[in-house]
Amino acid sequence: MAKLNVNTASREELVDVAGLKPALADSILKYREESGKIADLDALRDVPRVTSQVIDQLRDTVDFGTEAVKETTEKAAEAVATSAKAGAE
């Protein structure tokens, strides 16, 4: 069975397929809207209400898509460049 992509899943999919409670699914959706895509399980810990137990529950049922990793890496690189530029001025 294919894993559920956390970055594209609907609320219903997060609840029905991943087995999350609706409030937690809402937290993930809100986090995605405000902060962008989630790169991996470790980054999922930044979402309010996500505990170590939730991470363990999702470990074998979700993925994050390769684009999420690429986008997160690009944003991090931009932040470093901006910070370095500001420090040089």
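Only this structure's heavy atoms are used, side chains among them; waters, hydrogens and symmetry mates stay out.
The nearest pair of heavy atoms linking Lys37 to Asn7 is CA-OD1, 3.3 Å. In plain terms, the two heavy atoms of Ala25 and Val15 that are nearest each other are CB-CG2, 3.9 Å. Nearest approach of Leu4 to Ala18, heavy atoms of both residues: CD2-CB, 4.0 Å.
Contacts of Asp26 classified as salt bridge (charged side-chain N to carboxylate O under 4.0 Å, His left out), with partners at least two apart in sequence or in another chain: Arg11. Applying the side chain to side chain contact (heavy atoms under 4.5 Å, CB included) criterion to Ser10, with sequence neighbours excluded, gives Glu12, Glu13.
Atoms CG and CG, from Leu41 and Asp63 in turn, are 10.0 Å apart once rounded to the nearest 0.5 Å.
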Throw together a table of side-chain donor-acceptor distances under 3.5 angstrom for residues 42-54, partners on residues two or more places apart or in other chains.
unit_1: Asp42; atom_1: OD1; unit_2: Arg45; atom_2: NE; d: 3.3
unit_1: Thr51; atom_1: OG1; unit_2: Gln53; atom_2: N; d: 3.3
unit_1: Thr51; atom_1: OG1; unit_2: Val54; atom_2: N; d: 3.3

- Derivation and outcome, side-chain contact (heavy atoms from CB on, under 4.5 Å), residues Val6 and Leu58: CA-CA 10 Å; Val6 170; Leu58 296 177; 5.5 Å; no
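Sorted by first and then second residue, the salt bridge (Lys or Arg N to Asp or Glu O under 4.0 Å) pairs with a member in residues 50-59 read Asp56-Arg59; sequence neighbours excluded.
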